[in-house]
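Worksheet: one structure, shown below.
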Amino acid sequence: MKILVSNIGSTSFKYRLFDMGGGLGQERELASGGADRIGSTGGQLSWSLAGGDKGKRARDCADHGQAIRACLDRLIEGGVIDSPEAIDAIGFKAVMAGDYEPVAMVNEETLKRMEYFAPVAPAHNPPYMAAMRMFARELPDTPMVAAFETGYHQTVPARRRRYAVPEAWDREHQVHRFGFHGASHRYIATRMAELAGRDDLKLISCHLGGSSSLCASIGGASVAVSMGLSPQSGLPQSNRAGDFDVFALNLLARQTGMDLPAMLEALASESGLAALSGTSGDARDIETGAADGDPRCQLAMDVFATAVRDYLGSYLVELNGADAIAFTGGIGEKGSLWRQAILRDLSFAGIVLDEAANDRTRDEGPIHASSSRVQLWVVPTNEELIVARQTRELLAAGR
């Protein structure tokens, strides 16, 4: 079975094509690639095929439909598939549809649920919905599956899901914590269980990058997650504020005359590490600025590390101590200085970093000192593989 996993951004399309015939743990990646700057100029088509062919080509795509067609054409040119119909299913790393099935066939009901939550996931749900409809036009006979980011966190207990708001808000309008990055946290939990050789692991997974969250899990089941109702919540993101006192909006409205949509747009696209540092919000630019003595960049690193430590401490209490802490994502995998700032002075909790291992580790590997009671790991995530597995399981179940 060939499954194409689609990862949609507002101006990007990325994919990975898997051959799922080998069974669990033996899946084979046939190709990956995508298109960027969709809807503008200067775009590129990129690809990496299992046979070794990889490259980039200038290609402007007016919309996601053109990007999808261009990528499918490249797979045919490269001999990966004979035709688009050779793809048996399409899996989407979709974001949220509220209290819905964690993995569902893409149909009008699914799209309706996603539309309901578009106001709290404006950068995510609308592009995915558009891409799903475009794929349906391009490949009308190919089954499509949505694996929602929130699905992994359905095991989080009610005491961590509920907001202290009127009952009707929760019951009738689904205003409660959902959590995100579910595919990544699920993969890390699965991989760490393999590395530790046990299935009852108390784990804190740290998905840190342009978008960041922490998750506490026991035996592969999520019990706490830092994001709430929307992907804008929790830790400071690259250009999103994270946790924020909503009553500040009333103050800003009175003082600046801004309306609610304008303030929400600023919180979702002009805030976070970008606002703190005065940079684009890219962790590499911030790290360089801090090394050059820029106080705003140093503040951004400090604020981010402090926010991660706050959740880390909370989850150590929730789990009654952790067996392992794993870092993934662009910052989690590549940012040794960020990891060092997060893990400093935690020996009281049995957490001791091996600074030499931390400095040299960029791929999978342990970074804990021999005296550490808690294992510390860097583990590159594989969200697309999780989505491919979920897609296969749903189709095999005949739902």
Side-chain angles (χ1 to χ4, degrees), residues 1-21 29-41 43-50 53-95 97 103-115 118 121 123-148 183 383-385 387-392 394-395 399:
M1 173 180 279
K2 291 184 176 66
I3 296 178
L4 183 78
V5 177
S6 175
N7 190 338
I8 304 294
S10 57
T11 61
S12 66
F13 166 65
K14 298 178 182 178
Y15 70 87
R16 294 175 74 178
L17 179 64
F18 294 93
D19 181 348
M20 305 298 289
E29 183 176 315
L30 300 176
S32 64
D36 64 2
R37 299 179 185 268
I38 296 172
S40 62
T41 59
Q44 285 190 324
L45 196 69
S46 62
W47 64 89
S48 178
L49 310 183
D53 179 18
K54 61 175 58 178
K56 293 182 178 180
R57 163 191 308 170
R59 176 65 187 265
D60 291 338
C61 298
D63 54 35
H64 282 77
Q66 283 191 8
I68 291 166
R69 286 191 292 273
C71 289
L72 292 176
D73 288 344
R74 184 68 198 93
L75 291 176
I76 295 171
E77 291 172 14
V80 179
I81 56 175
D82 296 327
S83 69
E85 288 70 28
I87 297 172
D88 297 296
I90 301 166
F92 292 90
K93 193 174 75 68
V95 176
V103 186
M105 298 299 298
V106 175
N107 52 35
E108 284 306 314
E109 177 62 21
T110 303
L111 291 168
K112 180 180 177 181
R113 299 290 187 108
M114 292 176 68
E115 176 66 30
H124 302 85
N125 275 19
Y128 266 101
M129 293 166 61
M132 289 170 178
R133 290 190 168 103
M134 289 175 185
F135 263 113
R137 288 195 293 270
E138 293 294 320
L139 299 170
D141 297 323
T142 303
M144 298 191 300
V145 173
F148 292 103
E383 299 168 286
E384 292 83 4
L385 178 58
V387 173
R389 287 175 177 174
Q390 291 176 310
T391 299
R392 176 178 59 188
L394 185 75
L395 296 176
R399 301 207 301 275

Between [Y] and [X], is there a side-chain heavy-atom distance shorter than 4.5 Å?
{"X": "I81", "Y": "I87", "answer": "yes"}
{"X": "M114", "Y": "V95", "answer": "no"}
{"X": "E29", "Y": "V5", "answer": "no"}
{"X": "I68", "Y": "F13", "answer": "yes"}
{"X": "T11", "Y": "D36", "answer": "no"}
{"X": "R57", "Y": "R74", "answer": "yes"}
{"X": "K93", "Y": "Y128", "answer": "yes"}
{"X": "M1", "Y": "I3", "answer": "yes"}

Between [atom1] of [X] and [atom2] of [Y], what distance do you get to the nearest 0.5 Å?
{"X": "R113", "Y": "E109", "atom1": "CZ", "atom2": "CD", "value": "4.5 Å"}
{"X": "D63", "Y": "I38", "atom1": "CG", "atom2": "CD1", "value": "8.0 Å"}
{"X": "L4", "Y": "C71", "atom1": "CG", "atom2": "SG", "value": "9.0 Å"}
{"X": "S6", "Y": "K14", "atom1": "OG", "atom2": "NZ", "value": "11.5 Å"}
{"X": "N125", "Y": "L111", "atom1": "CG", "atom2": "CG", "value": "10.0 Å"}

For this session: Under the side-chain contact (heavy atoms from CB on, under 4.5 Å) rule, what do V103 and V145 come out as? Steps first, then yes or no, please.
Result: CA-CA 7 Å; V103 186; V145 173; 3.5 Å; yes
Which atoms form the tightest heavy-atom contact between [X] and [Y], and what is the distance?
{"X": "I76", "Y": "S83", "value": "CD1-CA, 3.9 Å"}
{"X": "P84", "Y": "L139", "value": "CB-CD2, 3.2 Å"}
{"X": "A131", "Y": "I8", "value": "CB-CD1, 3.6 Å"}
{"X": "Q66", "Y": "C61", "value": "OE1-CA, 3.5 Å"}
{"X": "T391", "Y": "A89", "value": "CG2-CB, 4.0 Å"}
{"X": "L45", "Y": "R59", "value": "CB-CB, 4.1 Å"}

Exercise. M105 and T110: side-chain contact (heavy atoms from CB on, under 4.5 Å), yes or no, with the steps?
Worked result: CA-CA 7 Å; M105 298 299 298; T110 303; 5.7 Å; no
Between [X] (side chain only) and [Y] (backbone N and O only), is there a donor and an acceptor less than 3.5 Å apart?
{"X": "D19", "Y": "K2", "value": "no"}
{"X": "T142", "Y": "D88", "value": "no"}
{"X": "H64", "Y": "S12", "value": "yes"}
{"X": "R392", "Y": "M20", "value": "yes"}
{"X": "D60", "Y": "G43", "value": "yes"}

Exercise. Taking atom types as modelled and ignoring hydrogens, do the side chains of Q44 and S46 form a donor-acceptor contact shorter than 3.5 angstrom?
Worked result: no
For this session: Indicate, with yes or no, if the rings of F148 and F92 have centres closer together than 6.0 Å.
Result: no
For this session: Take K112 and E115 through the test salt bridge (charged side-chain N to carboxylate O under 4.0 Å, His left out) and record every step on the way to the result.
Result: CA-CA 5 Å; K112 180 180 177 181; E115 176 66 30; over 6 Å; no
Exercise. With a 4.0 Å cut-off, would you call E383 and R389 a salt bridge?
Worked result: no
